[in-house]
Novice: 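Got a structure for you, written out below as structure tokens; questions coming shortly.
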Amino acid sequence: MPWRQLRRLVSRFSRDMGIDLGTCNTLVHVRGRGIVVREPSVVAIDQDTGRVLAVGSDAKRMVGRTPGRITAVRPMKAGVIADFDVTEIMLRHFIRRVHKGRTWLGPRVVVGLPSDVTEVERRAVEDAARSAGAWFPEIIDEPMAAAIGAGLPVAEPGGNMIVDMGGGTTEVAVISLGGICTRESTRVAGDDVDVAISNYVRQQHSLFIGETTAEQIKIEIGAAFPRDDETEMQVRGRDIASGLPRSITLSTGEIREACEEPLSQVVEAVKTCLERTAPELSADIMTRGIVLAGGGALLRGIDQLISAETGVPVYVAEDPLTCVALGTAKYLEELDGAQHDEGL
């Protein structure tokens, strides 16, 4: 039986999945059901016994709150596998949760990864997915998946620019005729904004805060561009001098100042990609604009900042958090359609 025909046969008896294996969050899309998993990419492990205590949201709640023997591990760093064994555990947990009741035949899986990962890193993800129970795991570049998920006409002969700002990487790509024409990647993204906020609070207010608090500050009052509705937020942490709990009040203006350095690197990646783009495609982008996807697109004013720095219109995708997961699912559907047209 031809290989492609076997893959189509497998899809009839399993649940095809598209997975956005992100540094911060993992999303799983199942054909016919939509997004069924949206959880942090975290695994809690008892170091004494090696036993997995929790995965996803339950594990994230343990970050910064666990005894010394319990470690909350983020197996993905800057969009690639930093811990193969823990990534396999996490993938197996999510795949089995979705695929329960059909354990005799594993699902077909497409995983979105940053476009600059090495072949070794790609094979590591394929091996992890296969070890977790997947059949025929495939890899798709995240910017392509994000563009497909955002509804851009990637198959047409015209320039489409996507900026996918996740937790560990920011992917910038110009896509035309179903391929990536120009790309730029920087391992500066949402996590670096959190670190910048934490460092600012420590340096300017002599207060230690955890990564969860820094992320909460970013979500509640963070902004990349001056706004009329700037607000304040009370933040609690540990005083550097006394070691005792203390609270301070932070403003949107302060957080904008704190985020300036990492966001400037994101803007620079966009500029670099534009500078390397063919003139005809640049003209298309000027007309169509730049589309933002990923969790970083939710930072207030990030579209205004990029537009002001590049002179190009910038739009945020309708649901930026799910673009990559939706794109992986649509890629599977298009793959099946192409195989059907070939008579396979």
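The basis for the numbers below is simple: all heavy atoms, side chains too, and nothing from hydrogens, waters or symmetry mates.
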Novice: Quick check: do Asp194 and Glu211 have side-chain heavy atoms less than 4.5 Å from each other?
Specialist: no
Novice: Please check if the side chain of Thr249 supplies one atom and the backbone of Gln234 the other of a donor-acceptor pair under 3.5 Å.
Specialist: no
Novice: Between Asp141 and Arg122 (salt bridge meaning N to carboxylate O under 4.0 Å), is one present in this structure?
Specialist: yes
Novice: Is the number of heavy atoms from other residues, nucleotides or ligands within 6.0 Å of CD (Gln265) greater than 12?
Specialist: yes
Novice: In a check of side chain to side chain contact (heavy atoms under 4.5 Å, CB included) between Ile175 and each of Glu156, Met161, Met144, which one passes?
Specialist: Met144
Novice: Mark yes when over 12 heavy atoms from residues, nucleotides or ligands other than Glu261 sit less than 6.0 Å from its CD; otherwise mark no.
Specialist: no
Novice: Taking Asp83's backbone N and O only, do any of them form a donor-acceptor pair with Thr87's side chain (distance below 3.5 Å, no angle check)?
Specialist: yes
Novice: Are the side chain of Ser176 and the backbone of Gly158 linked by a donor-acceptor contact shorter than 3.5 Å?
Specialist: yes
Novice: Between Thr186 and Thr170 (side chain of the first, backbone of the second, donor and acceptor by atom type, cut-off under 3.5 Å), is there such a pair?
Specialist: no
Novice: Carefully, step by step, assess Leu21 and Leu91 under the rule side-chain contact (heavy atoms from CB on, under 4.5 Å).
Specialist: CA-CA 9 Å; Leu21 190 61; Leu91 274 174; 4.2 Å; yes
Novice: With a 4.5 Å limit on heavy-atom distance, are the side chains of His205 and Glu254 in contact?
Specialist: yes
Novice: Output the rest of the hydrophobic cluster of Leu244: all Ile, Leu, Val, Met, Phe, Trp and Tyr residues reachable through side-chain heavy-atom contacts under 4.5 Å, sorted by chain and number.
Specialist: none
Novice: Under the criterion side-chain contact (heavy atoms from CB on, under 4.5 Å), I'd like the reasoning laid out for Arg246 against Ser206: C-alpha separation, chi angles, the key distance, then a yes or no.
Specialist: CA-CA 10 Å; Arg246 179 165 65 90; Ser206 299; 4.1 Å; yes
Novice: How about Cys24 and Glu215: do any of their side-chain heavy atoms sit closer than 4.5 Å?
Specialist: no
Novice: Would the number of heavy atoms belonging to other residues, nucleotides or ligands and lying under 6.0 Å from CD of Glu318 be above 12?
Specialist: no
Novice: Calculate, to the nearest 0.5 Å, the distance between atoms CD and CZ belonging to Glu184 and Arg276 respectively.
Specialist: 5.0 Å
Novice: Are the side chains of Pro137 and Val111 in contact, using a 4.5 Å heavy-atom criterion?
Specialist: no
Novice: Test your reading of the model: is there a side-chain donor-acceptor pair from Thr322 to the backbone of Ala325, 3.5 Å cut-off?
Specialist: no
Novice: Should the heavy atoms of other residues, nucleotides or ligands under 6.0 Å from CZ of Arg236 be counted, would the total exceed 12?
Specialist: no
Novice: Between Glu39 and His93, do the side chains contain a donor N or O and an acceptor N or O under 3.5 Å apart?
Specialist: no
Novice: Quick one: does Ser41's side chain have a donor or acceptor within less than 3.5 Å of a partner on Arg74's backbone?
Specialist: no
Novice: Is the shortest heavy-atom distance from the side chain of Leu298 to the side chain of Leu321 under 4.5 Å?
Specialist: yes
Novice: So, do Thr26 and Met90 sit near enough that their side-chain heavy atoms are less than 4.5 Å apart?
Specialist: yes
Novice: Using the rule that Ile, Leu, Val, Met, Phe, Trp and Tyr join whenever any side-chain heavy atoms are under 4.5 Å apart, tell me whether Ile140 and Leu152 fall into a single cluster.
Specialist: yes
Novice: If we ignore hydrogens and angles and just use 3.5 Å, is the side chain of Arg300 paired with the main-chain N or O of Ile219 as donor and acceptor?
Specialist: yes
Novice: Would you check, one step at a time, whether the test side-chain contact (heavy atoms from CB on, under 4.5 Å) holds for Thr328 with Asp20?
Specialist: CA-CA 8 Å; Thr328 59; Asp20 176 9; 5.9 Å; no
Novice: Ser307 side chain to Asp303 main-chain N or O, any donor-acceptor pair under 3.5 Å?
Specialist: no
Novice: Less than 4.5 Å apart, any side-chain heavy atom of Leu274 and any of Ser282?
Specialist: no
Novice: Ignoring hydrogens and geometry, is there a side-chain-to-backbone donor-acceptor pair from Asp58 to Val55 under 3.5 Å?
Specialist: no
Novice: Once side chain to side chain donor-acceptor pair (under 3.5 Å) is applied, do any residues pair with Arg92, and if so which ones, sequence neighbours excluded?
Specialist: Glu88
Novice: Kindly say whether Ser115 contributes a backbone atom to a donor-acceptor pair with the side chain of Glu171 at under 3.5 angstrom?
Specialist: yes
Novice: Evaluate the side-chain proximity of Ile255 to Leu250: yes if any heavy-atom separation is below 4.5 Å, no if none is.
Specialist: yes
Novice: Could you go step by step and tell me if Ile306 and Leu292 meet the side-chain contact (heavy atoms from CB on, under 4.5 Å) rule?
Specialist: CA-CA 10 Å; Ile306 295 175; Leu292 302 183; 3.8 Å; yes
Novice: Quick check on side chain to side chain contact (heavy atoms under 4.5 Å, CB included): which of Val314, Leu263, Leu299 does Leu305 satisfy it with?
Specialist: Leu263
